[in-house]
Amino acid sequence: MPVAIITGASKGLGRALAAGLAGRGWDLVVDARSAGPLEAAARELRETGVRVVALPGDVTDGGHRAALVAAAAELGGLDLLVNNASALGAEPLVRLADHPLDGLRTTLEVNVVAPLGLAQEALPLLHASSYLASYADDISYIGGVPYIRGAGNAGTYESHPYARDVRNAGLSDSPPYVGGGGAILNISSDAAVEAYSTWGGYGAAKAALDQQSAVLAVEEPGLRVWWVDPGDMRTDLYAAAAPDDDESGRPLPETVVPALLRLLDEAAVSGRYTAADLLAGAADAGGSR
């Protein structure tokens, strides 16, 4: 069975994605800061018949990150790393003029440093994964440039009948390259690319995560690296960010899961995606900016 690590999996999008993968037979290593909610989520996931290792802890702790990867190795390896754990830096969010600098350091540690640290720990297992190797005859990844709409590489894509919305980046006369390793999924935000008042600290951290992901995709062509804007969701994180907002009309995290699973189903090339594009099935799905 394939194995995934999902951080921030006790609630929200992390828990919803864990349930989606468990329903497909994935074994899981899940983490969260609070032991009680995490174990409750793990018990629910185990009811599907998969193996679930729940390790409470803080992703900014290097020892905890190492433990997550070691647990995946015990399950047989690692095919997907999901960096979903997040921190706002201020609750509720405030203007940059009032943003606590310690809070900014925290959001950078959780949203940028910790995902890289976990990826560094996980790279050997991800390179050893054969999960995406079965897609080698279906999808060619030409060149080493990740897909980012608006970055000047959209005109060189070639579609494939098995993945209508996956595009190949790079020069069309480059030799085809197909990575057979695993995948890294980093959860981003539209705050990474839009200037929303009070979202400056969090948005700066997510923008750094986007750039870090793009560079990692170039440096690790044997892996898929996806960074995804899930869109607005009804989560505790958003409620803490803007407690006065009416969130009754916001979609639940479960509605985003099919978009994330689509990346796996189509072995999508590395790049920035939005859940809205993936769910819509647009011909040029691959990121909003």
### Message
side-chain contact (heavy atoms from CB on, under 4.5 Å), that's the test. Do Leu263 and Leu278 meet it? Break it down for me.
### Response
CA-CA 8 Å; Leu263 294 171; Leu278 291 167; 3.9 Å; yes

Using only atom types and a distance under 3.5 Å, with no angle test, would you say the side chain of [X] pairs donor to acceptor with the backbone of [Y]?
X: Arg224; Y: Ala267; value: yes
X: Gln212; Y: Val112; value: yes
X: Thr107; Y: Ala87; value: yes
X: Lys206; Y: Ile187; value: yes
X: Ser34; Y: Pro37; value: no
X: Trp226; Y: Ala268; value: yes
X: Ser213; Y: Leu209; value: yes

To the nearest 0.5 angstrom, please state how far the [atom1] atom of [X] sits from the [atom2] atom of [Y].
X: Thr60; Y: Arg33; atom1: OG1; atom2: CZ; result: 8.5 Å
X: Leu126; Y: Asp79; atom1: CG; atom2: CG; result: 8.0 Å
X: Leu55; Y: Leu38; atom1: CG; atom2: CG; result: 8.0 Å
X: Leu96; Y: Thr198; atom1: CG; atom2: OG1; result: 9.0 Å

Let me check something: do [X] and [Y] share a hydrophobic cluster, defined by ILVMFWY side-chain heavy atoms less than 4.5 Å apart, either directly or through other members?
X: Leu216; Y: Leu78; answer: yes
X: Met233; Y: Val228; answer: yes
X: Leu116; Y: Leu68; answer: no
X: Val110; Y: Leu88; answer: no
X: Leu45; Y: Leu260; answer: yes

Considering all heavy atoms, the nearest [X]-[Y] contact:
X: Tyr202; Y: Ser189; answer: CE2-OG, 3.8 Å
X: Ser270; Y: Val225; answer: OG-N, 2.8 Å
X: Ala214; Y: Trp227; answer: CA-CH2, 3.4 Å
X: Ser188; Y: Asp210; answer: OG-OD1, 2.6 Å
X: Leu261; Y: Arg24; answer: CD1-NE, 3.7 Å
X: Leu80; Y: Leu21; answer: CD2-CD1, 4.0 Å

Flag the pair [X] / [Y] as yes when at least one side-chain heavy-atom distance between them is below 4.5 Å, and no otherwise.
X: Arg15; Y: Glu44; value: yes
X: Asp190; Y: Trp199; value: no
X: Asp27; Y: Pro2; value: no
X: Val82; Y: Leu17; value: yes
X: Asp31; Y: Ile6; value: no
X: Pro100; Y: Val94; value: yes
X: Val193; Y: Arg272; value: yes
X: Met1; Y: Val50; value: no

### Task
Using a cut-off of 6.0 Å, state whether more than 12 heavy atoms not belonging to Arg46 lie near its atom CZ.
yes

### Message
Does either side chain, that of Thr7 or that of Asn84, offer a donor lying less than 3.5 Å from an acceptor on the other one?
### Response
no

### Message
Please determine whether side-chain contact (heavy atoms from CB on, under 4.5 Å) holds for the pair Val69 and Leu125, giving the CA-CA distance in whole Å, both sets of side-chain angles, and the decisive distance to 0.1 Å.
### Response
CA-CA 8 Å; Val69 175; Leu125 291 182; 3.7 Å; yes

Whether [Y] and [X] form a salt bridge (side-chain N of Lys/Arg under 4.0 Å from carboxylate O of Asp/Glu) is what I want to check.
X: Arg105; Y: Asp102; answer: yes
X: Asp245; Y: Arg250; answer: yes
X: Asp58; Y: Arg65; answer: no

